[in-house]
J.: 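Take this structure first; my questions come after.
Just follow the structure's listing: the first ligand is 1, and inside any ligand the first atom is 1. Position 1 is the first residue of the sequence; numbering continues from there.
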Amino acid sequence: MGFVRCDQAPAWAQLQHHQAVGDGDIRAAFGRDPQRAQRFSLSAAGVQVDFSKNPIHTETEQLLQALAEQCGVAPWRDAMFAGEPINTTEGRPVMHWLLRQPANSLTGALAEPLAQVHDTLNAMLAFAEQVRADRQITDVVHIGIGGSDLGPQMVVGALHQPELTGKRFHFVSNVDGHELAAVLQGLKPHHTMFLIASKTFTTAETMMNAHSAREWFVRQGGQDIARHFVAMTSNTPAAAQFGIHQCFGFWDWVGGRYSLWSAIGLPIAIALGDAGFRQLLAGAHAMDQHFCSQPAPTNLPLRMGLLDVWMRNFQGHATRGIAPYHSGLRRLPAYLQQLEMESNGKSVDRQGQALPYATAPVLWGEPGTNGQHAFFQMLHQGTTVVPMEFIAVRTATHDLPGHQAALLANAVAQAQALLMGQSDAGGHRQFSGNRPSTFVWLDALTPERLGALLAFYEHRVFVSGAIWGINSFDQFGVELGKSLATDLSKRRDSNDFQGLDGSTAGLLRQLT
Ligand code: F6P
C-alpha cells in the first residue's frame with residue numbers, strides 16, 4: 001500500500017493556510033450559526049458526542065476529511081479488518097476487533113481464527129459463571145500491569161455490582177510491594193482466587209507479584225494452587241511452569257492495550273457474568289461496524305480522530321484533559337493514557353524515518369467534580385489552553401435524590417464556562433473563554449454502552465495514528481527502561497558503578 005505522508009498531502013498545506021487565516025473565535029461561531037451544536041454533534045452505537053465547542057468550521061472538517069482520503073485512512077482501516085499485518089514492525093495483524101465479532105459471521109481466512117476466539121470465549125465465560133456460583137470464593141485478586149490491568153480494572157470499577165456477585169475484586173499491578181501487601185492483608189487463601197494476567201508471562205512486575213502471591217498462599221496454609229490460581233496469557237507453557245493449569249489463552253494479534261475483550265477480561269466476565277460480557281462485546285462490535293461502514297461525514301471515530309489531528313498539529317495543543325463525570329469511570333483517564341500514548345507516542349514513521357510533526361498529546365485527567373476543586377483553576381484562567389473532554393452519563397444507578405442532576409449540571413457548566421468565559425469582571429475575575437472542549441454522553445453506564453465507548457476511543461486513536469503514518473501497535477519505547485532496571489539491579493548487587501553517569505551512580509549507591 002503506497003502512502004502519502006500527511007505533511008506532504010495537499011490538504012495539509014490547505015489546513016495550515018485555513019488555520020492561519022481562520023477565525024478561532026468559537027463563541028462567535030455559535031452566535032453566527034444557531035445550528036452549530038447539531039452540525040458538530042454525532043452519535044454512534046449509543047455514544048453521543050458534541051464537539052461543537054472546538055475551533056472548527058465546516059471547511060475545517062472538509063479539509064480534514066480530504067486529508068484522511070489522501071493519507072489512505074480508509075484502506076488502512078480495511079487492511080486492519082482484513083487481518084493484514086498492519087503492525088509492520090512486529091509483522092502481526094491487529095485483530096482485537098475479531099474478539100467481538102459474532103460467531104460464524106466471517107468466511108475465508110478469518111473464519112478459523114474467529115472459531116478459536118469463540119471456543120476460548122465460551123470456555124472463559126463458562127469458567128466465569130462457575131466462579132460466580134462458587135460462594136467459597138469471596139475475593140478475586142487480579143495481577144497484571146499495563147494493558148493486562150488497566151482495561152479490566154476500569155471496566156470492573158465501572159460495572160461491577162458487588163451485591164449481585166458477593167465478591168470483592170482487587171487489582172495489583174505495581175512491583176511496589178506495598179500494593180500487594182495491602183491487598184493480601186485480611187484475605188483468606190481458601191476464599192481467594194488469583195488471576196495472573198500477562199500476555200507474555202514474562203513481565204517483571206507481574207511475575208514478582210505472582211510469585212509473592214503464591215508464596216503467601218502456601219505460607220497461609222492454602223492447599224490447592226490449581227484451584228486458586230488461573231492464568232490469562234498467550235504463553236501457556238510459562239504459566240504451566242509456574243504451576244497453573246487453568247489457563248485461558250489468546251493470540252499475538254491482540255495488543256496488550258486492546259486486550260480487555262480477550263481472556264484478559266476474565267475478571268470482567270466474573271463481575272458481569274456471561275450475558276454482561278457478551279453485551280460489552282456487542283457494544284464494541286456495533287462501534288466496529290459503524291467505523292467500517294459509515295462515510296466520512298457520519299463516521300464518529302473518523303471525525304474525532306481528525307479533530308485530534310487538527311488540535312495537535314494545527315492548533316498546537318500538546319495535551320488533552322479527560323474529565324469523566326461518573327465515579328465508575330474514575331480509571332478511564334489512566335486507561336486512555338495507555339491507549340493513546342502507548343499507541344501514538346512515536347516519533348518515526350512506519351519505515352523508521354524521523355517525523356517533522358507532532359504526534360500523541362499528553363492525556364491526563366480526574367473525575368469531575370473533584371477536578372473542579374483542583375486543576376480547573378488553571379483550565380479556566382491559566383496561560384496554557386488545554387482542550388478538555390467531558391464524559392457524562394445521563395442516568396444514575398443509585399437513588400440518592402439530587403446528586404445526579406447536580407453532577408450533570410456541573411459537567412455542562414464547566415464546558416460552558418470554558419467557552420463563554422466572563423469578560424465583564426476584569427482583573428482576577430476575568431475568564432478569557434473560547435477554551436475548547438468536547439462533550440461525550442452515554443444514556444446509561446451499561447456493558448453495551450461502555451463497550452461502544454471504548455471501541456470508539458480505540459478507533460479514534462487508530463485514525464490519528466494512520467494520519468501520522470506511525471505504527472500504533474508496537475511499544476518499543478517501554479523497553480529501554482526495563483532493560484536498564486535489570487542492568488542496575490545486577491550492578492547494585494556487584495557494586496559495579498563503572499561507566500554510569502554521575503547522577504545514576506549516585507542514586508544507585510543509595511540503594512546498596
Ligand atoms: O510495558 C508495556 C507492555 O508491554 C504493555 O504494552 C502491556 O500492556 C504490558 O506491558 C503488560 O504486558 P504483559 O501482558 O505481557 O504482561
J.: Trp261 ring centre to Arg100 NZ or CZ under 6.0 Å, with the angle to the axis within 45°?
T.: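 Yes, Arg100 sits over the ring of Trp261.
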J.: Between Glu340 and Arg320, is the closest basic N to carboxylate O distance under 4.0 Å?
T.: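 Yes, Arg320 and Glu340 are salt-bridged.
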J.: Is it the side chain, the backbone, both or neither of Thr200 that has a heavy atom closer than 4.0 Å to ligand 1?
T.: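 For Thr200, the contact with ligand 1 is made by both the backbone and the side chain.
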J.: Below 4.0 angstrom from a heavy atom of Val478, which ligand 1 atoms are there? Numbered from 1 as shown, please.
T.: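 That gives atoms 1 (O), 2 (C) of ligand 1.
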J.: What protein heavy atom sits nearest atom 11 (C) of ligand 1, and how far off is it?
T.: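 Ranked first by proximity to atom 11 (C) of ligand 1 is Ile145 O, 3.2 Å.
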J.: For Gln338, is the nearest heavy atom under 4.0 Å from an atom of ligand 1?
T.: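 Yes, Gln338 has a heavy atom closer than 4.0 Å to ligand 1.
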J.: For Lys199, is at least one N or O under 3.5 Å away from an N or O on ligand 1?
T.: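 Looking only at distances, the answer is yes, because the N/O contact criterion of under 3.5 Å is met.
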J.: When you check the gap from the basic side-chain N to the acidic O, do Lys346 and Asp474 get nearer than 4.0 Å?
T.: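 Yes, this pair counts.
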J.: Which option out of Glu479, Met232, Arg257, Lys482 puts a heavy atom nearest to atom 4 (O) of ligand 1?
T.: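 Going through Glu479, Met232, Arg257, Lys482 one by one, Lys482 has the nearest heavy atom to atom 4 (O) of ligand 1.
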J.: Answer yes or no for Arg214 and Phe242: cation-pi contact, defined as NZ/CZ to six-membered ring centre under 6.0 Å and angle to ring axis within 45°.
T.: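 Arg214 over Phe242 ring: yes.
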J.: Considering only non-hydrogen protein atoms, determine which one is nearest to atom 13 (P) of ligand 1 and report residue, atom name and distance to 0.1 Å.
T.: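 Of the protein heavy atoms, Thr203 OG1, 3.2 Å lies nearest.
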J.: Quick one: does any side-chain atom of Lys167 pair with a main-chain N or O of Val131 as donor and acceptor, under 3.5 Å?
T.: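 Judged by distance alone, yes, a pair lies under 3.5 Å.
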J.: Should the heavy atoms of other residues, nucleotides or ligands under 6.0 Å from CG of Asn104 be counted, would the total exceed 12?
T.: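 No.
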J.: Identify whether the distance between the nearest side-chain nitrogen and carboxylate oxygen of Arg77 and Glu458 falls below 4.0 Å.
T.: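 Looking at Arg77 and Glu458, the cut-off is not met.
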J.: What protein heavy atom is closest to atom 5 (C) of ligand 1, reported as residue, atom name and distance in Å?
T.: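 Protein heavy atom at minimum distance: Glu342 OE1, 3.6 Å.
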J.: Show the atoms of ligand 1 that are less than 4.0 angstrom away from any heavy atom in Ser148.
T.: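 Those qualifying, in numeric order: 13 (P), 14 (O).
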J.: Is there a nitrogen or oxygen of Phe201 sitting under 3.5 Å from a nitrogen or oxygen of ligand 1?
T.: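 For ligand 1, there is no N or O atom that lies under 3.5 Å from one belonging to Phe201.
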J.: State, with a plain yes or no, whether a side-chain heavy atom of Thr165 is found less than 4.5 Å away from one of Gln161.
T.: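 Contact flag for Thr165/Gln161 side chains = no.
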J.: Considering only heavy atoms of Gly147, which atoms of ligand 1 have at least one such atom less than 4.0 Å away?
T.: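 The atoms of ligand 1 under 4.0 Å from a heavy atom of Gly147 are 7 (C), 8 (O).
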